[in-house]
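The structure appears below as structure tokens.
All values derive from a computational prediction rather than experimental measurement. Each chain gets a letter, A, B and so on, in the order the sequences are listed, and its residues count up from 1.
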There are 2 protein chains.
Amino acid sequence: MPEKTYHHGDLKNALIAAGIDILAKEGMGGLSLRKAARKAGVSHAAPYAHFTDKQALIAAIATDGHSKIYARLASVMEQYPGDPLRQLIEIAWSYIEFGLQEADHFRVMFSGAVEKERDYPALVEITGKNFGLVRQLTVRCQAAGILAPGDPDLAAVGMWGLVHGFVSLLLEGQISHTVTDRYSQRELLIAALNQISRVPIDLQNYSTPPDGG
Amino acid sequence: MPEKTYHHGDLKNALIAAGIDILAKEGMGGLSLRKAARKAGVSHAAPYAHFTDKQALIAAIATDGHSKIYARLASVMEQYPGDPLRQLIEIAWSYIEFGLQEADHFRVMFSGAVEKERDYPALVEITGKNFGLVRQLTVRCQAAGILAPGDPDLAAVGMWGLVHGFVSLLLEGQISHTVTDRYSQRELLIAALNQISRVPIDLQNYSTPPDGG
DNA sequence: TCCCTGAACTTGACACTGTCAAGATTCTAG
DNA sequence: CTAGAATCTTGACAGTGTCAAGTTCAGGGA
């Protein structure tokens, strides 16, 4: 049990956690430094000992989100070694699940909430790591004939773009309801992937994520 | 020259224009109702005669953005009748140009800044119209063998997702600099489109938008 | 042991924001 | 011409990001 001391002990992480919580419950508009401070049980100016800015807290929250995505994707990657098609599908699905479940956290990461990423090295590093993972997946899919051959960087941009754009449009309600009413999100994903896949993906075989996912 | 009268005359549109201007110069963080009011030369509470909320102004700005995109895309569509491949490429390019040139306006439209689109019928209508246009393009591309056959709604989601995701990732600096340093945005787009296109798109032929675009 | 330096935190202030209520002004339908 | 609606102003309130000054506390050197 943490004693109530003058020094919090782990305020920085407590503020990040509080911020993520506020984000989940009230969305971007409800997120404020003072509210996070209140939630962590400290005074309104305490955060300035750990974050230069509100921007800095937001950047930390975004960094946390990217780390969580990396952990998810890496875990899925390990789960299906030697099956790049399954890796592609389940990694995309995992990405989408995160986006839909943690919508506002996802938005903080990809919606320009962090105005100058350059200023936050940890953020730059983790986003680079994520791109590397996507690139790695791309290379394997190319070797397996799932994706077209060519510069893997270019293929990675196309593939990731497809998946990311799909979540974004879904998240912002840009996809007509005449479509979303007729198909499940999983079906929509498979269909989207089928547009870049060189081998046809049979909906039957991949209609649901396998158990133990 | 507009006289300085008590009644502004066109305050609603003036506020939208002011908002767009602020967005372009200071980004989302700099946008406030009071600043827009100041810019339009009215008192700080005047906007409430035309917008119930700050959200309502943001929704109006988003609606304006979607209309502008629609106008762009429709114009490109007319420019190349009977050439669906060119339509696909130049529509995608035009979409991307808007996103990159009017980055913050674009973000307002696609980043959850409008929390309840449902409440803004004009916004819902124009986004539906845009999806219709994308769908129309998709059908033509399918007929020409450029996109895989099948439910055009599904194909539209995949195609639009690809383009939209590409802009979003570019805009938020998620694409590794090792990639963006080596290729122009136009090249990246062509490469991305090549991943969903059934017919290979020769970079040579489409490296630049044709004159008069 | 004492002190002292720096980090972590509090208190108080400032300008700015979204929003509401009350009043002033102008437009327009009858 | 007049009544009511639409538009706009003024003034207020709570909440916000941020800074400056002071308070508490942990750890190291004497």
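- A donor-acceptor contact under 3.5 Å is formed by the side chain of A:Arg34 with the base of D:dG17.
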Quiz item: ring-ring contact (aromatic ring centres under 6.0 Å, His included) between A:Phe98 and A:His66: does it pass, once the steps are laid out?
Solution: CA-CA 10 Å; A:Phe98 182 87; A:His66 284 287; 9.0 Å; no
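- Rounded to whole Å, the distance from NZ on B:Lys54 to P on D:dT16 is 14 Å.
- The listed nucleotides are C:dC9, D:dC19, D:dT16; the one nearest the side chain of A:Tyr48 is D:dC19.
- Spacing between atom NZ of B:Lys12 and atom P of D:dC8 amounts to 12 Å, rounded to whole angstrom units.
- Scored by the side chain to side chain donor-acceptor pair (under 3.5 Å) test, A:Lys12 finds no partners at all (sequence neighbours excluded).
- Across the protein-nucleic acid pair, A:Asp10 atom CG and C:dA8 atom P stand 11 Å apart, rounded to whole Å.
- In this structure, NZ of B:Lys39 is placed 16 Å from P of C:dC16, rounded to the nearest angstrom.
- What separates CD of A:Glu26 from P of D:dG15 is a distance of 13 Å, to the nearest Å.
- Electrostatic pairing of B:Glu26 and B:Lys35 counts as a salt bridge here, judged by a charged N lying under 4.0 Å from a carboxylate O.
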In a table with atom names and distances, give each donor-acceptor pair under 3.5 Å that connects a side chain of residues 114-129 of chain B to protein atoms at least two apart or in another chain.
from, atom 1, to, atom 2, distance (Å)
B:Thr127, OG1, B:Leu123, O, 3.2
B:Thr127, OG1, B:Val124, O, 2.8

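- The residue B:Gly29 sits apart from the nucleic acid: no heavy atom pair falls under 4.0 Å.
- In terms of phosphate contacts, A:His44 brings no side-chain nitrogen or oxygen within less than 4.0 Å of OP1 or OP2 of C:dG12.
- The distance between atom CZ of B:Phe51 and atom C1' of D:dC8, rounded to the nearest whole Å, is 15 Å.
- Between atom SG of residue A:Cys141 and atom CE of residue A:Met159 there is a gap of 6.0 Å, rounded to the nearest 0.5 Å.
- At its two ends the helix from C:dT1-D:dA30 to C:dG30-D:dC1 runs along axes set 0° apart, each axis drawn from five pairs and the angle rounded to 10°.
- At D:dT9, none of the side-chain N or O atoms of B:Arg38 fall inside 4.0 Å of OP1 or OP2 (strictly under the cut-off).
- Note on B:Gly30: nothing from the nucleic acid sits closer than 4.0 angstrom, heavy atoms only.
- Listed nucleotides: D:dT9, C:dT17, D:dG17. Nearest to the side chain of A:Ser32: D:dG17.
- One finds the CD atom of B:Gln174 at 10.5 Å from the CZ atom of A:Phe131 (value rounded to the nearest 0.5 Å).
- Checked for salt-bridge contact, B:Arg72 and B:Glu97 meet the test: a charged N lies under 4.0 Å from a carboxylate O.
- Atom CG in B:Asp53 sits roughly 14 Å away from atom C1' in C:dT17 (whole-Å rounding).
- Across C:dC20, D:dT9, D:dG17, the shortest atom-to-atom separation from the side chain of B:Ala46 is found for D:dT9.
- Rounded to a whole Å, the CG atom of A:Leu15 is 12 Å from the P atom of D:dG17.
- Projected onto DNA chain C by closest heavy-atom contact, A:Ala45 and A:Ala49 fall at different nucleotides, the more 5' of which corresponds to A:Ala49.
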